[in-house]
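Scroll down for the structure; my scribbles are underneath it.
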Amino acid sequence: MEAMFEHLQRARLATTPTPLEQGPVIAGGARLWVKRDDLTGLGGGGNKARKLDFLCGDALAVGARALVTVGAAQSNHCRMTAAAGARLGMEVHLVLSGDEPDVATGNQLLSVLFGAQLHFTGAAQSHWGELEIARELLTGELSGAGLAPYSIPIGGSTAVGALGYAAAFIEMLDQFDASGIEPSTVVFTSSSGGTHAGLLAGRAAAVAAGRTVPAIVAIGVAKGVNIGLPNIADLANQTLDLMALTDVRIDPVDVEVDTRWIGDDYAVPTTAGDNAVCWAAANGGWLCDRTYSGKGLSGALGLAEEGRFADEDIVFIHTGGWPALFSADGVPA
Ligand SMILES: Cc1ncc(COP(=O)(O)O)c(C=O)c1O
């Protein structure tokens, strides 16, 4: 099924396949497997490496010389875009929420190390619309200066970026076969929706090819982040179009986003999320963060406690985020 991606441009930035590790048995007797997308290699790893593989392939194909993107102050996507620019010899501009700190920490520190230019907007963490306007303005300025920028929306969640997770879904199917399992469900952390759309596109493509596939459950950790982006099913269908599967479509009933684990807001820690960060470290040596993978894992563990999985294999995609542990208040007290 990998042939579905052969006609598409890739910058080969992600180290794949990432491992599929067997974890402990959790509530209800569910057997937890962890798909280690925190180990995608690029600039400390995480889910964005797979999206940037296709996004930067596209950027190179159109002759871009700079990358511009946007995110929250501790954006993993921005950090990995900075690393992609370093690998490809492209100038990188990052539009971030908040004000310039006295000392850069966590993802910001790494972005600076990768040579990116950081543009602080003063915007509040989850004022996504304001951040996107700032990205568009900066893109216009850089175009005017002749830099030929390739401008990437928040989270890299375009259909091109989502291709990365369509390919990841197919990659997981091969690993399920190799491990002799048929998981009932794949759970992962979602914010801007590109990972989700890609997984759904990969799943639909696999169903069309006659495969038995798991359900996909997104644990939402941000509200309103995909303002201005198509909804998940539309984005997934656009991704299928790029895969030249225009007759395969998403069934909207397959789009499941569980938003009960966000807590008060994006990037505001929850007790369940912090417990999951500590549980992951103590039970698998897995490094999760308080904004993304910790809350996502709290959703997976919480669903198990509610009895959703019973005696089944389930997969949690660890989408990364560990550098934020080294930012202010990054580690649960
Ligand atoms: C560590 C981590 N996990 C999950 C996500 C969510 O991915 P998406 O924006 O594709 O929904 C992000 C996005 O920034 C992330 O940084």
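Computed from a predicted model, the values in this text were never measured in an experiment. Order of appearance sets the numbers: ligands from 1, and atoms from 1 within every ligand.
- Contact residues for ligand 1 (protein heavy atom closer than 4.0 angstrom to any ligand atom): Asn47, Lys48, Lys51, Asn76, Ser157, Thr189, Ser190, Ser191, Ser192, Gly193, Gly194, Thr195, Tyr292, Thr319, Gly320, Gly321.
- Ion pairing between Glu2 and Arg10 fails under the 4.0 Å rule for side-chain N and carboxylate O.
- No option in Thr319, Thr18, Thr16 other than Thr18 meets the side-chain hydrogen bond (donor to acceptor under 3.5 Å, both in side chains) test with Arg50.
- Val253 belongs to no multi-residue hydrophobic cluster, having no ILVMFWY side-chain contact under 4.5 Å with any other such residue.
- Under a 4.5 Å side-chain heavy-atom criterion applied to ILVMFWY residues, the cluster that includes Trp261 comprises Ile26, Leu32, Val34, Val187, Val217, Ile219, Trp279, Trp286, Leu297, Leu301, Leu303, Phe309, Ile314, Phe316 as well.
- Under the salt bridge (charged side-chain N to carboxylate O under 4.0 Å, His left out) criterion, Glu312 pairs with no residue, sequence neighbours left out.
- Glu130 places no side-chain N or O within donor-acceptor distance of the main-chain N or O of Gly122, the cut-off being under 3.5 Å.
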